[in-house]
Structures are given as structure tokens and as C-alpha cells.
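To start, the structure under review is shown below, and the notes come after it.
Order of the sequence lines fixes the chain letters, A, B, ..., with proteins taken first and strands second; residue numbering starts at 1 for each chain. Basis for what follows: all heavy atoms, side chains included, without hydrogens, waters or symmetry-related copies. Source: prediction; values computed, not measured.
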2 protein chains.
Amino acid sequence: MSDNARLFEFIGGSSGRWRLLSQQTLRGSAMPVAPSLDVVRDDRPRPDGAWRLRGITTEDRYLRAAEKQLLQSRQEPPGRATDQLAVLIPIRKRADWWSLAQAQRREILGERSQHVRIGLEYVPAIARRLFHCRDLSEREPFDFLTWFEFAPADEPQFDALLERLRASPEWEYVEREVELRFAATGT
Amino acid sequence: MSDNARLFEFIGGSSGRWRLLSQQTLRGSAMPVAPSLDVVRDDRPRPDGAWRLRGITTEDRYLRAAEKQLLQSRQEPPGRATDQLAVLIPIRKRADWWSLAQAQRREILGERSQHVRIGLEYVPAIARRLFHCRDLSEREPFDFLTWFEFAPADEPQFDALLERLRASPEWEYVEREVELRFAATGT
């Protein structure tokens, strides 16, 4: 992933940089299963896949200035050579989440769920990038794609992060969630 | 405009529902000039135009719960028969706006510029709908399209609203702004 580009496509197919280890549907309908994943710039030609999901990076929606500064000073971007595991979590939230006012969404995500504070505990070990889908078109199957990369030794930490977030009040608004785990291939 | 649809295309061409009265470039580069405007669902077939801009309606980004409630209780949607004038204002903000944290953007827009409070003074006379462009792709020429409709008698009120917003600290971040005024045609 180039750091300047914003729009990417995740393609599940028969070959790719990442090999599927597991795929689990946590809420809502399942996704097709493909043995491999590639993450490509949206404007490049690419092979057909069993599934495709597009996402765009954008400005943060819920951070205070101090939180943003702390996050930027500590986190590292995806692409580290030691990060041999990756996880893609596409998420869709219920309509009543989106009809809340901005400040109410921040209150649930930031204050009641401590989403930002919890995430900060796991950087830089867990590299994370958030892609938005909801405003790419009217018919996107998910609202976000969250992409994580980490070293195999940090997988228990990653599991703990997921467990804490899924137990938070924010997650009551999640109506569809799929978790795909991958190992890096040599290619 | 259907109220359920989210993604629309504004097409400047040789015919359409709205007839161009004036077009003014306030900051940044100009747009081509076309005598008419149509606003269509993005997935409908439509004629070529001199220019096209796409935008999608989405969740509010800067409202407190009380502000949202007040706005929803007072504002009226575009499409009133008496609203024979319309204004389209495409806007692009500087990169340093987008690199601010969410809470800093809210502070500038909400508290220092009083954008929400000022806007509330002009509803229901001025009908307004905000379309986002920035996250439709990586190459959108504008970040937002704001669409206003009002009766000819309310044009001085609209001018006052614009003048107040353009004098606010938020507008220091605007790097491109074009203003297009239209009259409804009988068609």
C-alpha cells in the first residue's frame, strides 16, 4: 500500500500477497471464501476475484487533538517486514448509529466505549489502517474495512484488543461483521 | 431529488430544470459555464454536460444532539413549489483543514465560526442540502457541494447568510469556491 494513495480495493481470489488462515462471520450475512487476498490501488487493472471490497482513507472522525497527536507519535504504518499476520474486519453499523448526531457518536465511541484509549494500548505492536466505504456509493455492503498487521508473537495481544472492543457499547450498533485472518506469502 | 437517494450528479449543460443566472469564482480555479443545470440520480442515463459534479448525502459531522434536533424540527427539504431560486456552491478546503483532529474542526466550525447557529437563523426560509464529494474517489475537484433553494423574496436573507459564513474563521481554510445561481424553469 502506497502511503499517498487513499482508495484501495481488497480482492479475495485464487492468488495474492496474503493467504487466508480463517474466516468467521460474527454478525449478519457471510462473505464468499477465497484462498488468497490482494490489496491494490483502485485504478490498476487486476484479476477477477471471489469478492471485492473498496475502501478509502479519510480524515479522522472522532479524535481529540491530544489523542491524535499521541496516536501519530506512537503508531507505525502497515508494511513492516516482521508483520507476517494480517486481519481484515469489514463492519457495517445499524442505521440508528448513523442517525445519531456527531457528538453522540463520539460520546459512545470515545467516552463510553474508550475505543481510542484501548486502541492506543496496542500501538505500535498492532499496525492498523481504517478504510471508509459508506460514502463511496449508495450500495456498499460495509461501512468500514479495518486492516491490521502484526507479528505472530503479538497475536494474543490482538485477540485481547478485539475482545475488549467487541464488548463495548459501541459494538451494539454493529449489524454485520466478518473477520478474515491472513498469513503473508513469500511473493 | 428523491429523499431516499443519497448519491446525485449535478450536470451543467444545454438544458435542464434550472437556468443559470450567474456564476462567480470566489477562490481557486473557475468552472466551465453552462446555461442550464440538471440534478439527477447518479445511476440514471443522462446527456453529456459542460461539467459534472457528484455528491453524496451522509451523516452530519459536526452537530451536537440539541443542534441536530433543532435543525430537524425547523428545516424543510428542497423541492418546495415557491422556491424558484437555487444556488450551488462547490467548496474545497485546504489540506491543513483535513489534517486537524475532528474536535479541532468542530471547534473552528461550531464554536469560533458559529456555522451551525448562523445557519439555524435562516431556516426554514432557506432550504439547504449538503453533498460530500471528498470520499467518492481520490480525484474529486471539490470536497462538498452545498445546494440551497429559496423564494425570490428571501434572496437578501440568503446573501446575508453567505456573507456571515464567508467572514468566519472556518472560511480561511477554503481554497476553492464557486457560486452558481439558478432560476427554476417551467419544465
Side-chain angles (χ1 to χ4, degrees), chain A residues 1-9 40-44 54-73 93-111 115-116 130-140 143-145 173, chain B residues 1-9 40-44 54-73 93-111 115-116 130-140 143-145 173:
Chain A
M1 292 188 206
S2 148
D3 262 357
N4 291 326
R6 295 178 58 216
L7 186 57
F8 288 89
E9 193 159 13
V40 300
R41 292 289 311 275
D42 186 59
D43 55 354
R44 299 266 174 83
R54 293 189 310 151
I56 192 163
T57 59
T58 189
E59 77 279 5
D60 73 89
R61 302 280 161 84
Y62 299 108
L63 295 182
R64 304 202 189 286
E67 292 167 341
K68 183 161 182 161
Q69 196 175 18
L70 207 55
L71 201 58
Q72 286 178 332
S73 70
K93 284 184 174 170
R94 294 200 315 250
D96 60 342
W97 170 261
W98 298 112
S99 68
L100 292 171
Q102 166 69 31
Q104 293 171 302
R105 283 180 268 115
R106 162 68 206 192
E107 167 69 20
I108 294 168
L109 185 150
E111 278 59 62
H115 189 135
V116 181
L130 180 63
F131 300 85
H132 288 248
C133 325
R134 182 166 187 263
D135 291 341
L136 288 175
S137 80
E138 282 176 288
R139 293 176 191 81
E140 298 298 318
D143 293 326
F144 317 100
L145 313 175
Y173 291 91
Chain B
M1 290 188 207
S2 147
D3 261 358
N4 291 326
R6 295 178 56 215
L7 186 57
F8 288 89
E9 193 158 16
V40 300
R41 294 290 310 274
D42 186 60
D43 55 354
R44 298 267 174 83
R54 293 189 310 150
I56 193 164
T57 59
T58 189
E59 77 278 5
D60 73 271
R61 301 278 161 84
Y62 298 109
L63 296 182
R64 303 201 189 288
E67 292 167 341
K68 184 160 182 163
Q69 195 174 19
L70 208 53
L71 202 58
Q72 286 178 332
S73 70
K93 284 184 174 171
R94 293 199 316 251
D96 61 343
W97 170 261
W98 297 112
S99 67
L100 292 172
Q102 165 70 31
Q104 293 170 303
R105 283 180 268 116
R106 161 68 206 192
E107 167 69 20
I108 294 167
L109 185 150
E111 278 60 61
H115 190 135
V116 181
L130 180 63
F131 299 86
H132 288 247
C133 325
R134 182 167 187 264
D135 291 340
L136 287 176
S137 81
E138 281 177 290
R139 293 177 190 80
E140 298 298 317
D143 293 326
F144 317 100
L145 313 175
Y173 292 91

With a 4.5 Å heavy-atom cut-off, do A/R61 and B/R61 have their side chains touching?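 Yes; the side chains approach each other to less than 4.5 Å.
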Kindly compute the distance separating OG1 (B/T57) from CD (A/E138), expressed to the nearest 0.5 Å.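 That separation rounds to 7.5 Å.
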Hey, could you give me the CG/CG distance between A/L100 and B/L63, rounded to the nearest 0.5 Å? 12.0 Å
Does B/E59 come within less than 4.0 Å of A/K93, counting only side-chain N to carboxylate O? no
Salt bridge check, A/D135 against B/R6: does any charged N sit closer than 4.0 Å to a carboxylate O? yes
When only heavy atoms count and the cut-off is under 4.5 Å, which of residues 65-72 of chain B reach chain A?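 The list, in residue order, reads B/A65, B/K68.
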Heavy-atom pairs under 4.5 Å with chain B, option from A/R134, A/R64, A/Q104 with the top count: A/R134
Under the salt bridge (charged side-chain N to carboxylate O under 4.0 Å, His left out) test, which residues partner B/E107, sequence neighbours left out?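 Listed in chain order: nothing, the list is empty.
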Among residues at least two apart in sequence or on other chains, which ones pass salt bridge (charged side-chain N to carboxylate O under 4.0 Å, His left out) with B/R105? A/D60
List the residues meeting ring pair (Phe, Tyr, Trp, His ring centres under 6.0 Å) with A/H115, not counting sequence neighbours, and say none if there are none.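 A/H115 satisfies ring pair (Phe, Tyr, Trp, His ring centres under 6.0 Å) with no residue once adjacent residues are dropped.
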Heavy-atom contact with chain B under 4.5 Å, split by part of A/I56: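 For A/I56, side-chain heavy atoms alone lie under 4.5 Å from chain B.
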